[in-house]
K.L.:
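Please find one structure pasted underneath; my questions will follow.
Labels below follow one simple rule: chain letters A, B, ... track the order of the sequence lines, proteins then strands, and each chain is numbered from 1.
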Amino acid sequence: MYKVLDKKKLASTVTLLKLDTPEIAKKVKPGQFVIIRLNEEGERLPLTVNDFDREKGTITIVFQEVGKTTKLLGKLEVNEQIADVVGPLGKHTEIEKFGKVICIGGGVGTAVIYPVTRALYQAGNEVVGIVGARNKDLLTFVDEMEAVTNQLIVTTDDGSQGRKGLVTEPLKEILDSGEKIDHIIAIGPAIMMKFVCKTTEPYKVKTIVSLNPIMLDATGMCGVCRVRVGGETKFGCVDGPEFDGHQVDFDSLINRLKQYVAEEKISMATIEG
Amino acid sequence: MADEGKKAKKTIIPDRVHMAEQAAEERVSNFKEVPLGYTEDQAAEEAKRCLQCKKAACSTGCPVEINIPEFIKLVAEKNFQEAAKKIKSTNSLPAVCGRVCPQEIQCESKCIVGKKGDPVSIGGLERFVADWERDHGTVEAPPRPQARNKKVAVVGSGPAGLTVASDLAKLGYGVTLFEALHKTGGVLVYGIPEFRLPKAIVQAEVDFVESLGVEIKTNALIGKLYTIPELMESGYDAVFIGIGAGGPMFMNIPGEELNGVYSANEFLTRSNLMKAYLFPEYDTPIKKNKKVAVVGAGNVAMDSVRTAIRLGADEVYLVYRRSEKEMPARNEEIERAKEENAILKLLTNPVRLIGNDKGWVTGMECIKMELGEPDDSGRRRPVPIKGSEFIIEVDDVIMALGTNANPLLTQATPGLELNKWGYVVADEETCATSIKGVYAGGDIVTGSATVILAMGAGRKAAKAIDSYLSTSA
Ligand SMILES: Cc1cc2nc3c(=O)[nH]c(=O)nc-3n(C[C@H](O)[C@H](O)[C@H](O)COP(=O)(O)OP(=O)(O)OC[C@H]3O[C@@H](n4cnc5c(N)ncnc54)[C@H](O)[C@@H]3O)c2cc1C
Ligand code: FES
């Protein structure tokens, strides 16, 4: 059992939990994820680690309540327990001094790109951050991102905060300005990552994305997380989650993410009403 | 053995006592176990068929060398408690082995009674004894031996890992069992379905191993949480690798990324480990599709076919490129699948999967095969018949082609020698690997094999680790 040590509501449907996981905290690096199973009946849900404290033995996770498991997770209170937390899983982000880097976070993806951005910033890169969400309420980690970037651009679909529009617009402007960009990382919904990669491809700037396929064991045993990358089948859980975005078949990923939409509704219905 | 053969001829041996089972019509709509087990009287009656051979050939056919005549004698005397103790002195998982071991090619294949009729149902009796002990609540851990100040880390809690752990704990070593998943048992919990091996039974056997003093750490993916060198540095004097052959295989044909296409590992893990057949009571979903094709013909394929039938499919095809004779699954499983109305599409090989505009699989294009010259495995090689392509309409495809070595741990272990398929190279007798103090056994050494072979390897490794630790400072 793993105890919840702290809880913060970041937005109406976005929650941060700090968990007591000393062994994982010692090992985890930016870009890695954990599997969470709430209770005996629970499913195994992958969540990227948002932050960690090696001394205090904690990790934090940030999630948006979209299905039954994340809804129940959002209802957990401090001192309550989670049955299983497994990690650290997946490969960590390659952190080096690239030069000028753009870090793009969409929705709760911002919580996940934050530790990556911080590591890149601390490694001496010049970092431009672009964070976007549907509206002001769903924007998270803006202040934290501000602190670890040389420049931060905020966008919302409805213009309720920052620039009105999508993250791809300021991204294209920067690329068009002719300034040399050495490395780009984008983490967010699959559709956002797809369009980020479409935007950057003509400029031939390496663009890393963190994929979120459906997972089960997350140890490389079942293959449900398979994605097509550069014409080959890769397993998101062990070969990823990060891949060269220009090689990823996003349409197939987006299609595979829809496999259990009907079942998710049935599942939700069991806790509603 | 010749003498005993003669004796068998003189004695009139009654027919094997039939074990009752759920009828096919009934069992296809539940996940309950199919064979129902012997009653006490039936077990004693079956046990009396044993000739009590002095040189028991059956025991030599058992990879963990159970003293078969002795335990059967105790059953005939209805001394079930002692029979259980006798088995457990060499086998920590009798309720499992009694159910899933291929006895027909092991102990029972050597049984003298079997020369004329059915051999003694050694598996049935083993199962009975283990169940009797569990049901009577008389399972007791042997007295704890004197503790030794040496620690062993066992990685993976399948039959190999459980055996090493219990054997070493019985010798007084401090043993920690690290398991990546949230439950222990390996394939016994994630692969083999409830209707063949009830999970409560696996849990009871794991509880027994724990009662021997083994510390069990689930949610510990070694290679990520700790590496093997880190385990050695942190105070473990030896490590056993029993991580199974967990990687799924696909065919690399077009369309495998379509929705509705799964590896057998995924399909069975959803159903067994995550209990998705009870969805939405359990949160993990599984598709209850109507026209299912399972590709392959081993035990894993049979388990997938029979699970799909129980999930309510109307038509379940078993697609295999050779003929029935070459099917690697146990005969018993093939027969049961047929009774449950599986449709065998033999000498048939998929070439491509067809999807609709929403990205779901709707068809499987296959080609007819014929058997040519024998290949390396000695089986006749299947060759495609030109122009014989046809399409099977399906909404679900399960690839049960076998497994390969999962590289996650082996790649994180510098200096560990692997063969060209990525399996760990280990000594056949001692299970020693290329790294001092590191041993390996089970499917990660042999490739997919059987529960009892994995246990046999575990037994050998435990002996070797004991002698290594007894001689090292
Ligand atoms: C569906 C199916 C049906 C079968 N039916 C039969 C049958 O009827 N009879 C029979 O005899 N055999 C059968 N087999 C084969 C048999 O189950 C295997 O040969 C046997 O389980 C191998 O045992 P093992 O201990 O080597 O590995 P496994 O049982 O595979 O266990 C390995 C364990 O290690 C864990 N692990 C892996 N990597 C790590 C890591 N890095 N860190 C920590 N833990 C890790 C895994 O999660 C797993 O729990 C079947 C197999 C399958 C898949
Ligand atoms: S989640 Fe099962 S292999 Fe990746």
K.L.:
At a heavy-atom distance under 4.5 Å, which candidate from S263(B), A264(B), P248(B) has the highest pair count against chain A?
P.N.:
P248(B)

K.L.:
Are the side chain of K27(A) and the backbone of L225(B) linked by a donor-acceptor contact shorter than 3.5 Å?
P.N.:
yes

K.L.:
Sort out for me which of K26(A), K258(A), E40(A) touches chain B most, counting heavy-atom pairs under 4.5 Å.
P.N.:
E40(A)

K.L.:
Can you tell me how far apart CZ (F267(B)) and CG (L216(A)) are? Round to the nearest 0.5 Å.
P.N.:
12.5 Å

K.L.:
Assess whether a salt bridge exists between E263(A) and K287(B), defined as any Lys/Arg side-chain N lying under 4.0 Å from an Asp/Glu carboxylate O.
P.N.:
yes

K.L.:
Pair R44(A), L181(B) - check side-chain contact (heavy atoms from CB on, under 4.5 Å), show working.
P.N.:
CA-CA 10 Å; R44(A) 291 171 66 93; L181(B) 295 172; 4.0 Å; yes

K.L.:
Check for a donor-acceptor pair, side chain of N255(A) on one end and backbone N or O of G359(B) on the other, with a separation under 3.5 Å.
P.N.:
yes

K.L.:
Between P88(A) and K224(B), what is the shortest heavy-atom contact and its length?
P.N.:
O-CB, 3.2 Å

K.L.:
For chain B, which candidate among N39(A), V86(A), D251(A) shows the most heavy-atom pairs at distances under 4.5 Å?
P.N.:
V86(A)

K.L.:
Closest heavy-atom contact between L408(B) and T219(A)?
P.N.:
CD1-O, 4.3 Å

K.L.:
In terms of heavy-atom pairs under 4.5 Å, which option from V261(B), N252(B), L409(B), L258(B) contacts chain A the most?
P.N.:
V261(B)

K.L.:
Please assess V85(A) against N219(B) for the test side-chain contact (heavy atoms from CB on, under 4.5 Å), listing each intermediate value before the final yes or no.
P.N.:
CA-CA 7 Å; V85(A) 182; N219(B) 297 335; 5.9 Å; no

K.L.:
Return the option, out of P407(B), A276(B), P285(B), G244(B), with the maximum number of heavy-atom pairs under 4.5 Å with chain A.
P.N.:
P285(B)

K.L.:
For a quick test of reading the model, state the closest non-hydrogen atom pair linking Q259(A) to Y262(B) and the distance between them.
P.N.:
OE1-CE2, 4.1 Å

K.L.:
To the nearest 0.5 Å, tell me how far R270(B) CZ sits from E43(A) CD.
P.N.:
9.0 Å

K.L.:
If you tally heavy-atom pairs under 4.5 Å against chain A, which of N265(B), D283(B), I286(B), L268(B) wins?
P.N.:
D283(B)

K.L.:
Tell me, side chain or backbone of V224(A) under 4.5 Å from chain B's heavy atoms, or both, or neither?
P.N.:
both

K.L.:
Closer than 4.0 angstrom, basic N to acidic O: yes or no for K217(B) and E23(A)?
P.N.:
yes

K.L.:
Do E256(B) and R228(A) sit within salt-bridge range, that is, some charged N less than 4.0 Å from a carboxylate O?
P.N.:
no

